[in-house]
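To keep things clear, I will list the structure first and then write my remarks on it.
Letters go in sequence order (proteins before strands), and every chain restarts at 1. Values reported hereafter were calculated over all heavy atoms of this structure, with side chains retained and with hydrogens, waters and symmetry mates removed.
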Amino acid sequence: MENRILLVEDDQAIADAVALNLKIVGYRCTRFEDGQEAADSLAEDHGYDLALLDIMLPGLDGFELLEHMKAYGIPVIYMTAKADAASEIKGLLDGAEDYVTKPFDMMALLVRIEKVLLRTGRLNRIYRAGDVELDDYHHAVYKAGARVELRPLEYNVLLYLMKHKNLTVTREQLLSDVWGFDYMGESRSVDVKISSLRRKLGLEEAIKTVQKLGYRLEDR
Amino acid sequence: MKLRQRISLLAGAVLLLVLLVCAGVLLLYARRTILSLAEDQARDKQQALANSFSSMARYYAVSDDSDSFRESLVRYCFARFADREGVLIRDGDILLSSVSVDPSRYAQPDRQTGDVGVFRGPVDGRQLLIVGSQEWIYNETYYVGLVRDITEVYDAIFRLTRLFLLVCLGGVALGMGLLFFVVKGSTAPLSRLTAAARQIAAGAYDRRVQAPGRDEVSELAASFNHMAQAVESRIEALTEQNERQRLFIGGVSHEFKTPLAALSLHASLLDGAKLSDEERADSLRYIQGAGAYMSRMIQSLMSLLLLDRGIETQPARPAAILQEAEQLSRRSLQSRGVTLQVRCDDDDTLPLDATLMVSLLMNLVENAARSYEPDAAEKPVFLTYADRTFTVSDRGRGIPSEAQGRIFEPFYRVDKARSRKQGGSGLGLALVKAIADAHGAALTLESEPGKGTAFRVRF
């Protein structure tokens, strides 16, 4: 089952961008623009794994909304233009899991979301793209239900692509996040792993090469 | 050297000099008086001695007395009156004396006038007063002298002098001591001033000095306090201005964050994500919107900054200003169902910057248009001019009284979410206020929640 994320943000442009991003990497996102409406909706549906809250909101502000989230045990990440330390400290002390200030980088927000989900034991670690399924609990990969054996690095590259489904990941990101910061190898190693993944899992179409940049695992 | 020490020493020296001169004059006078008294007494005594002696001797003496008898008689007569001071001399021979001094060597009477001779001075280590006269008894000349030892008088004068000097020095010391405290007391405010000045220099701008009284030091303290007051209020004004600017800059950067966040998020979506054509178009639209919003804000910021440099006014007809503001606002108002009603009652001229004034009115009209809920049935906005006053009023939701005082602050929004959604930069009314101020016009507002708002710009 996909992780469900509650997004409360009154700026439509930002809400749209975040919601779209969450959707294409595989989260289910529910949006509210008004704090009070978001709080009221919890009575009927509170099955969220995480809430992304703006602080300055109409209706109830983010700090007040946090109390409602805590009542249902929903972990919260603040996402706000209030960059002062006092607000950040207040937010974290009140019980928020994390705090990002606008403007923020979506990739970074995705990492924070994943960390919070992992920490609270809510992360869905089964990823799908087309007929390929990656079960991170059992470290197993299936193609149309049949198990496929992958080398460790191949597995990690696939996991990274799955986590950033439909987004372009650069060779540099893969090198630093999969191989590790210290890895001094060439980006050719990435290309080698990608081509073996494509071959073993029949993902020639799904893993797109983005010219001069990197790769994108598409599933839309 | 400290001022109080210098003043005390100077005053002490002057005091010493004055006392010494006074004491000297007094001493000299006293010495002369005492000595002349002693001399007068000695003269009288000598006179009495000489008269008594010569009278007695003449009375008893007879011309044919033998020399030895006469000498005995003279001796006897003289001895009767001589006490222990008289000296009798005849032709250089001392006939009778109880002193060891020959007075005739010191005090010779005047032979022509017969005046007595007087001597006063030291003889053999003692101060002597000697009076001598000539007496004739039967053709013989006798010298009658009186020798009086006045060493004690001199000693008394010396003791008196010493006492005077001691009293003078004591007086000076006492006077200097008293002066020191008096001067210290009167210069104490100066020390306090110094301390206060140091504290003020170190940042305690609210420091003042207490100096009651009406002397120069108090005047100085008053001037000092006045200066400290001026410094304090200037510093306060600067701090406040600094704080305002800091808040303003903070506000500006805060205002840019949300559109920047939207812009970068959508840009990265377009750059790296697999999007449908519709999603792609939406993202582009958001990017354009954020850009337009930021450029509007920059325009308003620039206008605000330029206003600080002052404006140039020319006589202009308010009627024309109203017309231009109406024309420029009409299209945007029509699309939102807002009706603008313009009325100009006076056709006079005012000194103003026409472009800025139109901008002011458009901002107020825009603000009035936003006072209506989007689905309101009627949205009238009134723009009028009469009696040197522009008025923009609406019948919208009004401004809560607690917000009325802050409504002209940059980035202040009564309802943050709604204002931004309607495209408000948070600078419109701040700009209105700045333009009104630059014209020297009074900007007032009257509002009742639920009934509407009226802004007035009065020249």
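Taking 4.5 Å as the heavy-atom cut-off, the residues of residues 167-174 of chain A that approach chain B are A/L167, A/T168, ordered by number. Within residues 104-114 of chain A, the residues having any heavy atom closer than 4.5 Å to a heavy atom of chain B are A/F104, A/M106, listed by residue number. Chain B is approached within less than 4.5 Å, heavy atom to heavy atom, by A/A81, A/K82, A/A83 from residues 75-85 of chain A, ordered by number.
Heavy atoms of other residues, nucleotides or ligands lying less than 6.0 angstrom from CZ of B/R395 number 12 at most. Under a cut-off of 6.0 angstrom, the local environment of CZ in B/R285 is crowded, with over 12 non-hydrogen atoms contributed by other residues, nucleotides or ligands. Other residues, nucleotides and ligands contribute only 12 or fewer heavy atoms inside 6.0 Å of the CD atom of B/E446. Other residues, nucleotides and ligands contribute over 12 non-hydrogen atoms within 6.0 Å of the NZ atom of A/K70. Around CD of B/E378, the count of heavy atoms belonging to other residues, nucleotides or ligands within 6.0 Å does not exceed 12.
A/D11 approaches B/A262 most closely through the heavy-atom pair OD1-CB, 4.4 Å.
Contacts between B/S276 and chain A at a heavy-atom distance below 4.5 Å involve the backbone alone (N, CA, C, O). Contacts of B/L269 with chain A are made by side-chain atoms alone, with heavy-atom separations under 4.5 Å and no backbone atom involved.
Ranking B/A261, B/G272, B/G289 against chain A, the residue ahead of the rest is B/G272, based on heavy-atom pairs under 4.5 Å. Options B/L263, B/D271, B/L275, B/I287 differ in how many heavy-atom pairs under 4.5 Å they form with chain A, and the most are formed by B/L275. When each of A/D16, A/V18, A/N21, A/D34 is scored by its heavy-atom pairs under 4.5 Å with chain B, the top score falls to A/D16.
The distance from atom OG1 of B/T258 to atom CG of A/D54, rounded to the nearest 0.5 Å, is 7.0 Å. One finds the NZ atom of B/K274 at 12.5 Å from the NZ atom of A/K165 (value rounded to the nearest 0.5 Å). For the atom pair B/E279 CD and A/L20 CG, the distance stands at 4.5 Å (nearest 0.5 Å).
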Show me the donor-acceptor pairs within less than 3.5 Å that the side chains of residues 192-205 of chain A make with the rest of the protein, sequence neighbours left out.
residue: A/S195; atom: OG; partner: A/D191; partner atom: O; Å: 3.3
residue: A/S195; atom: OG; partner: A/V192; partner atom: O; Å: 2.9
residue: A/S196; atom: OG; partner: A/E154; partner atom: OE2; Å: 2.9
residue: A/S196; atom: OG; partner: A/K193; partner atom: O; Å: 2.9
residue: A/R198; atom: NE; partner: A/I207; partner atom: O; Å: 3.2
residue: A/R198; atom: NH2; partner: A/I207; partner atom: O; Å: 2.7
residue: A/R198; atom: NH2; partner: A/T209; partner atom: OG1; Å: 2.7
residue: A/K200; atom: NZ; partner: A/E154; partner atom: OE1; Å: 2.9

